[in-house]
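Here the structure comes first, spelled out in structure tokens, and everything after it is commentary.
Source: prediction; values computed, not measured. The residues of the chain are indexed from 1 along the displayed sequence.
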Amino acid sequence: MYIRELDLTAFEAVYRRYYKGLCAFAVRYTADYEESEDIVQTVMLWLWENRSTIHPDQSVQSLLFTIVKNRCLNCVAHGKIKARVHEDYYKNICENHYEPDDYTGKELMESMIKAIRNLPKDYRKAFVMNRFGDYTYAEIAAKLNVSPKTIAYRITQSLKLLREALKEYM
């Protein structure tokens with residue numbers, strides 16, 4: 001089947017045929033099923049939106065697996081960089097090794113530390129593990145014996161509370 005010929009019914013068939021296999025393939029790279037599902041859903045949406053611009057001889061299967069692989073590799077690389085930055089940042093904040101040059105910076109840092117410490121215990125734990133550690137929602141959920149959706153909610157609520165507590169600096 002040619003990609004350009006995909007109508008909605010054919011696209012649904014492609015989606016059903018490849019979705020689970022693509023998720024299983026992606027999870028080998030990301031080690032996070034939710035993240036893998038997000039990647040696959042994004043790729044499927046991309047396929048639908050760009051079907052008319054893709055070369056007609058391109059294999060649907062080959063195209064989907066290649067794009068999913070590339071997005072997974074990008075995601076893993078981004079996650080490693082993010083984790084390294086957050087880890088350094090966390091060390092500076094929590095170990096009080098960070099000494100801002102100006103008063104406003106020091107005030108902001110103190111306010112941020114205080115705001116994080118004032119989060120509800122469960123929120124704070126999930127937030128710190130995610131933002132300053134190298135933990136995905138799924139890993140945090142497994143460690144805390146809750147669902148990844150609960151972790152997502154706690155982190156979202158933490159961010160809302162932090163935005164409110166630090167609004168004068170934003």
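Put simply, the side chain of Asn50 gets close to the backbone of Trp46: a donor and an acceptor are under 3.5 Å apart. In this structure, the side chain of Thr156 engages the main chain of Ala152 through a donor-acceptor pair within 3.5 Å.
Met44 contributes atom CE, which lies 10.0 Å from atom CD1 of Ile67 (distance to the nearest 0.5 angstrom). One distance of note links OG1 of Thr150 with CD1 of Ile155; it measures 11.0 Å at 0.5 Å rounding. Distance check: Thr66 OG1 to Gln61 CD gives 10.0 Å after rounding to the nearest 0.5 Å. Atoms CZ and SG, from Phe65 and Cys72 in turn, are 11.0 Å apart once rounded to the nearest 0.5 Å. Between atom CG of residue Leu119 and atom CG of residue Leu162 there is a gap of 4.5 Å, rounded to the nearest 0.5 Å. To the nearest 0.5 Å, atoms SG (Cys75) and CG (Asn70) are separated by 12.5 Å.
Side-chain rings of Phe127 and Tyr123 stay apart, their centers remaining 6.0 Å or farther from each other.
Leu159 is listed as a side-chain neighbour of Arg131, based on a closest heavy-atom distance under 4.5 Å. Using a 4.5 Å cut-off on side-chain heavy atoms (C-beta onward), Leu47 and Phe11 make contact. Annotation: side chain of Leu64 is in contact with side chain of Val14 (closest heavy-atom distance under 4.5 Å). Counting heavy atoms from C-beta outward, Val60 and Tyr18 have side chains that approach closer than 4.5 Å. Tyr135 is listed as a side-chain neighbour of Ile140, based on a closest heavy-atom distance under 4.5 Å.
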Discussion item. Run the side chain to side chain contact (heavy atoms under 4.5 Å, CB included) test on Lys143 and Lys125 for me, step by step, so that the C-alpha distance in whole Å, both residues' side-chain angles and the decisive distance to 0.1 Å come before the verdict.
Written reply: CA-CA 11 Å; Lys143 286 183 181 284; Lys125 193 169 201 170; over 6 Å; no
Worksheet item: Taking it one step at a time, do Leu63 and Ile54 satisfy side chain to side chain contact (heavy atoms under 4.5 Å, CB included)?
Response: CA-CA 10 Å; Leu63 179 66; Ile54 299 170; 3.7 Å; yes
Worksheet item: Given the rule in the side chain to side chain contact (heavy atoms under 4.5 Å, CB included) test, do Leu22 and Tyr15 qualify, once you have shown the distances and angles that lead to the verdict?
Response: CA-CA 10 Å; Leu22 287 168; Tyr15 191 93; over 6 Å; no
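Nearest approach of Arg124 to Arg117, heavy atoms of both residues: NH1-O, 2.9 Å. A pairwise comparison of heavy atoms in Pro148 and Ala141 identifies N-CB, 3.5 Å as the closest pair. Annotation for Leu144 and Arg154: closest pair CD1-NH1, 4.2 Å, computed over non-hydrogen atoms. Pairing each heavy atom of Val40 with each of Cys23, the nearest pair is CG2-N, 3.7 Å.
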Identify each donor-acceptor pair in which a side-chain atom of residues 24-35 lies under 3.5 Å from a protein atom, sequence neighbours left out, and give them as a table.
unit_1 : atom_1 : unit_2 : atom_2 : d
Thr30  : OG1    : Ala26  : O      : 3.4
Thr30  : OG1    : Asp32  : N      : 3.2
Thr30  : OG1    : Asp32  : O      : 3.2
Thr30  : OG1    : Ser36  : OG     : 2.6
Asp32  : OD1    : Glu34  : N      : 3.1
Asp32  : OD1    : Glu35  : N      : 3.3

